[in-house]
> 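Handing you a structure now.
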Number of protein chains: 2
Amino acid sequence: MCSEVSETAARELAPIAHHRRIPVGQVIHSEHQGLGSLAIIVSGVVKLVKAQRDGRLQIVGLQYAADFVGHPYAAKSSLIAEATTHLELCCFSRSAFETLMRNHPTLEQALYRRALNDLETAREWMFLLGRKTAREKVASLLVSIATRINRPLGGVGATAGKMALQFDLPLSRNEIADALGLTIETVSREMRSLKLAGVVSTAGRRSVTVLNPDLLRTIAEGDLD
Amino acid sequence: MCSEVSETAARELAPIAHHRRIPVGQVIHSEHQGLGSLAIIVSGVVKLVKAQRDGRLQIVGLQYAADFVGHPYAAKSSLIAEATTHLELCCFSRSAFETLMRNHPTLEQALYRRALNDLETAREWMFLLGRKTAREKVASLLVSIATRINRPLGGVGATAGKMALQFDLPLSRNEIADALGLTIETVSREMRSLKLAGVVSTAGRRSVTVLNPDLLRTIAEGDLD
DNA sequence: CTGGGCCTTTGATCTAGATCAAAGTGCAGA
DNA sequence: TCTGCACTTTGATCTAGATCAAAGGCCCAG
């Protein structure tokens, strides 16, 4: 059930893997004593948070099923990784994994490509944080979540750009605010505005239905208003 | 004169490298027709820009001497890379470099580490864009530039955290604004404020002298205001 | 099924930084 | 050395989103 990272290397990966279940809110690894392990997410969502002494927070990454959490070789990284939903992980000891990596170029290359993807995603988000309006930010997050939340292990490029039309937010309003560089009040108001515009509807605290995916994407891209 | 990327692989790298001089403002590669080449910066500064149809810009990365521009394997990346100063590059054809990479794990690993560094830097910047005040942003950029601008090829970890006390900004006010998610007027006002506070002084449009590096760093970290 | 805490929404007001508008001023070219 | 203009500074005003404040309402424990 674990992996699908690479082809032949997967066989050697399996023996050193172990499965873990993690409750909401638990910290996977924090600061640089993230010593422990590397992991692939089997199900659930992990947020990567950068925090400052004074309490300011910024979510700098969301990892979904099939994504990696933690980086081999990475020295520092002052990040906290925390489960935002119930989580199933497939964990590897860092040292065992790095050893394996050195012997399997395909594995190393797969990880390298993931790092490049993460970098691209981070830079996309930099544009959002620096230049988008609150409304565009909220719409963008919804598109991003809808596009990634239901993609199962394996379907990396296949279902590209396909939005889920109904899903549960993996984040609280507070976490959404910390992902978008906004306050929770502004997030709430922009959600309402999108509902009034008939773009989405909600039920309970977490459930979202996308009524007009094209419009949602248009708003997210800033091609409107 | 080119490289110092890795140890033994450097010998094979040299033959496929060629040197290029680039004037200010020239685009190195753009969108995904960045077909051309990968490059190591010998001297000068490159900005990585993400742009939207409506003209909004965000600088999502600055690359200095010894840094790589362009990523092997990278499929997409809707980025524009442009020289913000006069530039000397050491270029490699993408295909030749990738072939070489496949045969030299040390090279691949070196690139992987660079990608992880870029990722860490991008996430640091996400915090800045999402959660710092204008004053903190400007101070942070000055610290960042002062720390990197004079570090020559090779001195990666050695001079870590050491700020140059006098340097020329590699960016115009407009570029600074696009890096920080601000307007040029706000940048100007915050610069003045830092000058009035005796933290820095300026001469001409580009030259900056850091009068109080500790205070500058403290302001950047948000431990003060 | 029911009470209460906590997350969320909604409203009123404030403000950091944007926008609009005019002067300066460094600097490349004549 | 001088001149033109793009870049930058400075000032006045506006506004998107923050902050402050007060209900609601979801959801879990009992």
Side-chain angles (χ1 to χ4, degrees), chain A residues 23-25 54-58 84-86 128-142 168-197 200-208 219 222 224-225, chain B residues 23-25 47 54-58 84-86 128-142 168-197 200-209 219 222 224-225:
Chain A
V24 176
D54 62 15
R56 279 182 279 183
L57 297 181
Q58 177 66 46
T84 70
T85 67
H86 176 78
L128 175 146
L129 290 170
R131 294 304 189 194
K132 286 191 180 179
T133 66
R135 159 173 271 240
E136 291 164 1
K137 285 178 176 183
V138 171
S140 297
L141 183 65
L142 291 176
D168 279 4
L169 290 171
L171 304 174
S172 69
R173 291 292 183 276
N174 234 304
E175 289 170 323
I176 293 174
D178 284 335
L180 299 176
L182 298 172
T183 59
I184 101 177
E185 294 94 331
T186 297
V187 170
S188 181
R189 280 185 252 269
E190 295 303 335
M191 285 290 279
R192 177 167 56 147
S193 154
L194 290 174
K195 281 194 281 187
L196 292 178
V200 299
S201 69
T202 62
R205 286 170 178 170
R206 298 289 182 129
S207 172
V208 173
I219 293 170
L224 201 70
D225 37 317
Chain B
V24 176
K47 64 175 173 182
D54 62 14
R56 280 182 279 183
L57 297 181
Q58 176 67 45
T84 69
T85 66
H86 177 77
L128 174 146
L129 291 169
R131 293 307 190 192
K132 286 190 179 180
T133 65
R135 158 171 273 239
E136 290 164 1
K137 285 178 176 181
V138 171
S140 297
L141 183 66
L142 291 175
D168 279 4
L169 290 171
L171 304 174
S172 70
R173 291 291 184 278
N174 234 304
E175 290 170 322
I176 293 174
D178 285 334
L180 299 176
L182 298 172
T183 59
I184 99 178
E185 294 94 330
T186 297
V187 170
S188 181
R189 281 184 252 271
E190 296 302 335
M191 286 290 279
R192 175 166 60 144
S193 153
L194 289 174
K195 283 195 279 188
L196 292 177
V200 298
S201 68
T202 61
R205 284 171 180 170
R206 297 290 183 127
S207 171
V208 172
T209 304
I219 292 169
L224 197 70
D225 25 300

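Naming convention: chains lettered A, B, ... in sequence-line order (proteins, then strands); numbering from 1 in each chain. The structure presented is a predicted model; accordingly, all values stated were derived computationally and were not measured.
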> From CE of A:M191 over to P of D:dG17, roughly how many Å is that when rounded to an integer?
16 Å

> Could you check how far CD of A:E190 sits from P of D:dG17, rounded to whole Å?
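Result: 7 Å.
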
> Quick one: which of C:dG11, D:dT9, C:dT8 gets closest to the side chain of A:I184?
C:dT8

> Which nucleotide, D:dA18, C:dT8, D:dT9, lies nearest any side-chain atom of B:S188?
D:dT9

> Could you check A:G204 against B:N174 and say which one's nearest nucleotide on DNA chain D is further toward the 5' end?
B:N174

> Quick one: which of C:dT8, C:dG26, D:dA18 gets closest to the side chain of A:S172?
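Between C:dT8, C:dG26, D:dA18, the one nearest the side chain of A:S172 would be C:dT8.
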
> Taking atom C1' of C:dA23 as reference, at what distance in whole Å does atom CZ of B:R192 sit?
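Spelled out: CZ on B:R192 to C1' on C:dA23 is 14 Å.
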
> Do any N or O atoms from the side chain of A:R206 and from the backbone of A:L169 form a donor-acceptor pair under 3.5 angstrom?
yes

> State which of D:dG17, D:dT10, D:dC26 makes the closest approach to the side chain of B:E185.
D:dT10

> Check the distance between C:dC27's P and B:L169's CG and give it to me in whole angstrom.
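The answer, rounded to whole Å, is 12 Å.
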
> Hey, does the side chain of A:R131 reach the backbone of B:L182 with a donor-acceptor pair shorter than 3.5 angstrom?
yes

> Take the protein atom NZ of A:K132 and the nucleotide atom P of C:dA18, then report the distance between them rounded to whole Å.
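Taking NZ of A:K132 and P of C:dA18, I get 18 Å after rounding.
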
> Output the single nucleotide from D:dC7, D:dT10, D:dA18 whose closest atom is nearest the side chain of A:T186.
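Closest nucleotide to the A:T186 side chain: D:dA18.
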
> Between the main-chain N or O of B:P170 and the side-chain N or O of B:T85, is there a donor-acceptor pair closer than 3.5 Å?
no

> Whole Å only: how far is the CG atom of A:D178 from the P atom of C:dC7?
13 Å

> Is any side-chain heavy atom of A:E190 closer than 4.5 Å to one of A:T133?
no

> When you get a sec, tell me which of D:dA12, C:dG5, C:dT25 is the closest nucleotide to the side chain of A:R205?
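That would be C:dG5.
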
> C:dT15 P sits how many Å from B:R135 CZ, rounded?
18 Å

> Would you check if the side chain of A:E136 reaches a backbone N or O of A:I219 as a donor-acceptor pair within less than 3.5 Å?
no

> Need one value for A:R189: base, sugar-phosphate or nothing, where a base atom within 4.0 Å counts as base even if backbone is also close, heavy atoms only.
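Base, at least one base atom sits under 4.0 Å.
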
> Can you tell me which nucleotide in D:dT8, D:dG11, C:dT8 comes closest to the side chain of A:R173?
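Nearest to the side-chain atoms of A:R173, counting from C-beta on, is C:dT8.
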
> Under 3.5 Å, is there any donor-acceptor pair linking the side chain of B:R206 to the base of C:dT25?
no

> In whole Å, what is the span from the CZ atom of A:R56 to the P atom of D:dT19?
10 Å

